Colleague: 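Here it is, the structure, as structure tokens.
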There are 2 protein chains.
Amino acid sequence: MRELFAPLRTETAYQQVCELIEEKILGRALHPGDALPTETELARQFAVNRSTVREALRALESRGLVTRAPGSKRLRVARPAAAAVADGVSRALVLHQITFLQVWEAMMLLEPELAALAARRRSATQLAALEQTALALADEPALPAEEAVEHTVRFFSLLGEACGNHALEIAAEPLTRLLRPTLSRMIDEVPQARQRIAGAQRRLLAALGRRDAVQAREWMIKHIRDFRRGYELAGIALDARVETAAASR
Amino acid sequence: MRELFAPLRTETAYQQVCELIEEKILGRALHPGDALPTETELARQFAVNRSTVREALRALESRGLVTRAPGSKRLRVARPAAAAVADGVSRALVLHQITFLQVWEAMMLLEPELAALAARRRSATQLAALEQTALALADEPALPAEEAVEHTVRFFSLLGEACGNHALEIAAEPLTRLLRPTLSRMIDEVPQARQRIAGAQRRLLAALGRRDAVQAREWMIKHIRDFRRGYELAGIALDARVETAAASR
DNA sequence: ACTTCCATTTTGTCGGACAATCCGACCAAA
DNA sequence: TTTGGTCGGATTGTCCGACAAAATGGAAGT
């Protein structure tokens, strides 16, 4: 069954440069925060043109492996932030024509357990951050839909952080992100949505405060169920493709 | 609480080019499979230099939004393959110093439900593909560890496809990918590992064939538990950081 | 219809160039 | 000692032009 020869892949120079640097980063020869050599220096070391190095750097940048501190020139090694990774995943999901129903199903599976874990493991500061976000939503009943969505999404992100498992956090992040565009519509059309969300968050927080995993799970289930009901009330088709903010711009 | 000024962000030319093209893709103005204009043409339209366009293209390429067909020059619009996305996620997880235990916890949460869904939704061809992969592992008791790992990982990937939910598929894919390096060691050190894996796969397949979601879930739970036991037997520390293949090269 | 061959296009890489701006150091004033 | 100003060098972003290798498209031949 196995062929004599595998298709040989000739790598272009910028791909090699990219991979070599990536290996150094993943192999921890370069630590997050370290400054990369300058482009000219890299060009010298690899014995290629600076343009070639730049192309490699743009690829690495796009993977979140190197970033530049805001208002700085030099590139530094970074560990991809959850947000950056989530961007990539949600782009993919959009192009794969994910429906809201699929996102919902995945959230229904992940978030309750994630909430249960968070109940056990959350730190005091994480709880405080969650409370602050929830308050921002609950205190202002007339918040513009966009901002209400931001707070809702942020609540999920913080919960992800609090669950103490980066793998789960990063798996869950893209899902809430995909809710953003449609959630905004839903909140606009369903008057009671804000209160329902705020209410669920309050109960969830109470459970998290008591480190009550069972109740946290329960309330998250109800919370997620509510989303679906909200969508149905708003007349948003559940099998409609989710979009990104970028695409609707 | 809010500051008067937000940090202003000036976008460089290549970032703008990158974003503009990305928007067209995500907004479905460009469909997967479509050929992108040539670099010179893009440079003309954006009124920038070709080098600038190239940097943008490298970024898009790295995001999996455009790829080049093997042995072809022209870039085509693509939807990021699950594998490409998973690469990004697993890179991130490695740099976030994920432990095997966290990966295991996440898998324990996702995979059983994923198996249950697959039992309900798998197509005949998907089942056949799964069976083929399982056979490849079961038939050759003396397979090199590397290949046994490939088959094991592939089995999970196929199961992801079969679950009928791209969101879950893409969430689960990076996890199994992270098993690869250590799994290889485990299979080498624990003689009965191959049989345990093959056995679990066989039972799982039987359940999938009968569309028995409950049994599928059960066997998957046992399967995942087995992994942990295997690691313990092999003396691999559960809180050791997972690595990538690239990093260990 | 199927190959074969050639001219054209396109990409990958190179060299060099220049303005903008970031960095660090040095110095002056409060 | 801290704050603010100035200055030169280093680095990046962008441009221009060039060329070999490879892919593409089409014409020509069978």
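Just so it is clear: chains get the letters A, B, ... in the order the sequence lines come, proteins before strands, and each one is counted from 1. Given the structure is predicted, the values throughout are model-derived calculations rather than measurements.
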Colleague: So A:R54, base contact, sugar-phosphate only, or nothing? Heavy-atom distance under 4.0 Å.
Modeller: base

Colleague: Are more than 12 heavy atoms, taken from residues, nucleotides or ligands other than B:E146, located less than 6.0 Å from that residue's CD atom?
Modeller: no

Colleague: Rounded to whole Å, how long is the line connecting atom CD of A:E55 with atom C1' of D:dG13?
Modeller: 14 Å

Colleague: Is the shortest side-chain N/O distance from A:N49 to OP1 or OP2 of C:dT13 below 4.0 Å?
Modeller: no

Colleague: Rounding to a whole Å, what distance do you find between A:R74:CZ and C:dC23:P?
Modeller: 9 Å

Colleague: Mind calculating the distance between CG (B:L36) and C1' (C:dT10) to the nearest angstrom?
Modeller: 13 Å

Colleague: Is any side-chain N or O of A:R50 under 3.5 Å from a base N or O of D:dG13, one able to act as donor and the other as acceptor?
Modeller: yes

Colleague: Can you see if the side chain of A:T52 gets near the phosphate of C:dC14 - specifically, an N or O under 4.0 Å from OP1 or OP2?
Modeller: yes

Colleague: Choosing from D:dT24, C:dT21, C:dT10, which nucleotide comes nearest the side chain of A:K73?
Modeller: C:dT21

Colleague: Once you round it to whole Å, what is the distance between C1' of C:dG16 and CD of A:E39?
Modeller: 15 Å

Colleague: Between B:S157 and B:E173, do the side chains contain an N or O donor and an N or O acceptor separated by less than 3.5 Å?
Modeller: yes

Colleague: Check whether any side-chain nitrogen or oxygen of B:T12 sits under 4.0 Å from OP1 or OP2 of D:dT12, and answer yes or no.
Modeller: no

Colleague: Once you round it to whole Å, what is the distance between P of D:dA22 and CD of A:E11?
Modeller: 16 Å

Colleague: Distance check: side-chain N/O of A:R58 vs OP1/OP2 of D:dG13, anything under 4.0 Å?
Modeller: yes

Colleague: What is the distance, to the nearest angstrom, from the OH atom on A:Y14 to the P atom on C:dC14?
Modeller: 13 Å

Colleague: Output the rounded distance in Å from CZ (A:R68) to C1' (D:dT11).
Modeller: 11 Å

Colleague: Other residues, nucleotides and ligands only: do more than 12 of their heavy atoms fall within 6.0 Å of CZ on A:R68?
Modeller: yes

Colleague: Report the nucleotide, chosen from C:dC14, C:dT13, C:dT21, that has the shortest atom-to-atom distance to any side-chain atom of A:S51.
Modeller: C:dC14

Colleague: Ring-plane angle category for B:F227 and B:F156, please: parallel below 30°, perpendicular beyond 60°, tilted otherwise.
Modeller: tilted

Colleague: Using whole Å, report how far CZ of B:R44 lies from P of C:dT9.
Modeller: 15 Å

Colleague: What distance separates B:R28 CZ from B:L26 CG, expressed to the nearest 0.5 Å?
Modeller: 8.5 Å

